[in-house]
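Since we're looking at a predicted model, the values are computed, not measured. The analysis underlying the following values was restricted to heavy atoms, covering all of them including side chains, and did not include hydrogens, waters or symmetry mates. Each ligand, and each atom within it, is numbered from 1 in the order the structure gives.
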Amino acid sequence: MSRKPFIAGNWKMNMTVESGKKLIKELKPLVKKANCDVALCVPAILIPEMVKAAKGSNISIGAQNVHFAEKGAYTGEISADMLKDYGVKYVIIGHSERRQYFGETDETVNKRTLTALNAGLTPIVCVGETLDEREEDLTEEVLDRQLKVGLNGIEDIKKVVIAYEPVWAIGTGKTATDEQAQETIAYIRKKIGELFCPKCAEEVIIQYGGSMNAGNCKGLMAQPDIDGGLIGGASLKLDFATIVNFDK
Ligand code: PGA
């Protein structure tokens with residue numbers, strides 16, 4: 001079974017309309033021959049302009065969060081239908097920064113994931129352990145819980161992308177080694193097999209995220225279980241194109 005690699009950028013709370021449009025314009029010709037799926041997950045307010053900027057290219061636009069209710073009295077929140085309205089295809093759910101600063105839990109990750117799927121969006125569900133958890137040998141336990149609770153009740157797991165992002169590697173310049181990333185992602189795949197079905201585990205796309213850049217992407221992407229990357233810092237510059245073209 002061959003899985004199509006998927007490289008997604010996560011702009012986090014960076015860029016403006018002008019700088020975002022400029023970057024997408026420059027990226028378009030550089031990524032057009034990519035053999036992988038390509039997306040940029042941008043701040044919600046930039047979505048309409050970035051969708052326009054990416055039109056006619058192979059760059060899809062994603063969001064960085066979605067509310068779990070369909071609509072209603074949730075001041076400041078954005079619904080899945082609103083994202084769909086603007087042509088959004090992907091949504092990051094449960095990023096460690098949201099878990100750390102915005103009270104995201106495995107339960108809310110689960111609700112958001114189900115809502116996104118219902119609306120026809122592809123969720124990119126983030127999981128990963130902190131440094132303390134890794135050092136205390138709790139990585140598998142943490143992942144077991146995040147996967148079991150976060151993905152509870154999903155009918156077709158193949159419609160979900162999973163991003164393994166060890167929290168200690170995010171924005172720190174400290175990437176997991178190729179072997180560490182491979183070993184943990186293989187574990188996640190095995191777990192998906194247990195929670196869902198062995199065949200689905202073979203088909204589900206699992207990305208690595210955490211200080212992935214133009215220099216280390218080749219080694220990571222060469223690992224048999226790593227199907228792509230969720231790229232933070234390096235997606236704010238043309239290095240993103242080098243990562244997307246990792247096989248060239
Ligand atoms: P980074 O971020 O590439 O800057 O480490 C990755 C992420 O948080 O998705």
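- Taking a cut-off of under 4.0 Å to the non-hydrogen atoms of His95, the atoms of ligand 1 that pass are 7 (C), 8 (O), 9 (O).
- The contact set between ligand 1 and Gly210, taken as ligand atoms under 4.0 Å from a residue heavy atom, comprises 5 (O).
- Summarising the geometry, atom CD belonging to Gln207 is positioned 14.0 Å from atom OH belonging to Tyr164; distances are rounded to the nearest 0.5 Å.
- Of the polar atoms of Gly233, at least one N or O is found under 3.5 Å from an N or O of ligand 1, judged by distance alone.
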Check against salt bridge (charged side-chain N to carboxylate O under 4.0 Å, His left out), Arg3 and Glu203: CA-CA 6 Å; Arg3 297 177 296 266; Glu203 291 178 33; over 6 Å; no

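- Here Ile170 has heavy atoms under 4.0 Å from ligand 1 in both its backbone and its side chain.
- In this structure, the protein non-hydrogen atom closest to atom 3 (O) of ligand 1 is Gly232 N, 2.9 Å.
- Checking Thr105, Val167, Asp106 one by one against Arg99, the side-chain contact (heavy atoms from CB on, under 4.5 Å) holds for a single residue, Asp106.
- Within ligand 1, the atoms closer than 4.0 Å to a non-hydrogen atom of Glu165 are 6 (C), 7 (C), 8 (O), 9 (O), numbered from 1 in the order shown.
- Put simply, the side chain of Asn213 gets close to the backbone of Asn216: a donor and an acceptor are under 3.5 Å apart.
- In terms of hydrophobic clustering, with Ile, Leu, Val, Met, Phe, Trp and Tyr side chains grouped at heavy-atom distances under 4.5 Å, Tyr90 and Ile206 are assigned to different clusters.
- Less than 4.0 angstrom separates some heavy atom of Gly171 from each of these atoms of ligand 1: 1 (P), 4 (O), 5 (O).
- Close N/O approach between Glu97 and ligand 1 is not found [any backbone or side-chain N/O within under 3.5 Å].
- Ligand-side atoms of ligand 1 in range of Ser211: 1 (P), 3 (O), 5 (O), range being under 4.0 angstrom from any heavy atom.
- For ligand 1, the polar-atom distance check finds no N/O of Gly209 at less than 3.5 Å from any of the ligand's N/O atoms.
- Proximity to Asn10 (heavy-atom distance under 4.0 Å) selects the following atoms of ligand 1: 9 (O).
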Before giving the answer on salt bridge (charged side-chain N to carboxylate O under 4.0 Å, His left out), spell out for Arg145 and Glu141 the whole-Å C-alpha distance, their side-chain angles and the decisive distance to 0.1 Å. CA-CA 6 Å; Arg145 191 200 64 231; Glu141 202 175 301; over 6 Å; no

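- Separating the NZ atom in Lys28 from the OG atom in Ser57 is a distance of 5.5 Å, to the nearest 0.5 Å.
- If you look at Ala169 next to ligand 1, the close heavy atoms, those under 4.0 Å, all belong to the backbone.
- Although no hydrogens or angles enter the test, the distance criterion places a donor-acceptor pair under 3.5 Å between the side chain of Gln64 and the main chain of Lys12.
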